[in-house]
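Worksheet for the structure shown next.
Reckoned from all heavy atoms, side chains included, excluding hydrogens, waters and symmetry mates.
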Amino acid sequence: MELLYVATGDKGQVYAVTPDGKGELFYASDEAHVRVLAFDERENFDCGDRAKGRVLRLTKSKGVATAEGFVLVETPKRE
């Protein structure tokens, strides 16, 4: 199934939205402002946050309600 991923801004959440418009929480960050959503060349789902300048890889296991974030890069720069 094709999904649209949407970041919520200051709540630091990412939702997965189905073609019929139903959304469910996919990832909840411990930081506000998830700013960037992208798939890399291997179809890994990555996101970037504002406060810590982090890039995270998001993975969701079967049977788990929300994805986990693994920090790929953390910089002293914001956004």
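The one candidate from R54, H33, R35 that meets the side chain to side chain donor-acceptor pair (under 3.5 Å) condition with D49 is R54.
In terms of heavy atoms, V34 sits closest to C47 at CG1-CB, 4.0 Å. The minimum heavy-atom distance between G12 and T8, with the atom names listed, is N-OG1, 3.6 Å. Among all heavy-atom pairs drawn from Y27 and A67, the shortest one is CD1-O, 3.4 Å.
Y5 and F45 have tilted rings, their planes meeting at an angle from 30° to 60° on a 0 to 90° scale.
Annotation: E74, atom CD; neighbour count of heavy atoms from other residues, nucleotides and ligands within 6.0 Å is above 12. Heavy-atom contacts from other residues, nucleotides or ligands closer than 6.0 Å to NZ of K60 number more than 12.
Between F70 and T59 the shortest side-chain heavy-atom distance does not fall below 4.5 Å. With contacts defined as side-chain heavy-atom distances shorter than 4.5 Å, the pair L3/T18 qualifies.
In the hydrophobic clustering of ILVMFWY residues, with side-chain heavy atoms under 4.5 Å counting as a link, L37 and F39 come out together. The cluster map of Ile, Leu, Val, Met, Phe, Trp and Tyr, joined by side-chain heavy atoms under 4.5 Å apart, puts V14 and L72 in different clusters.
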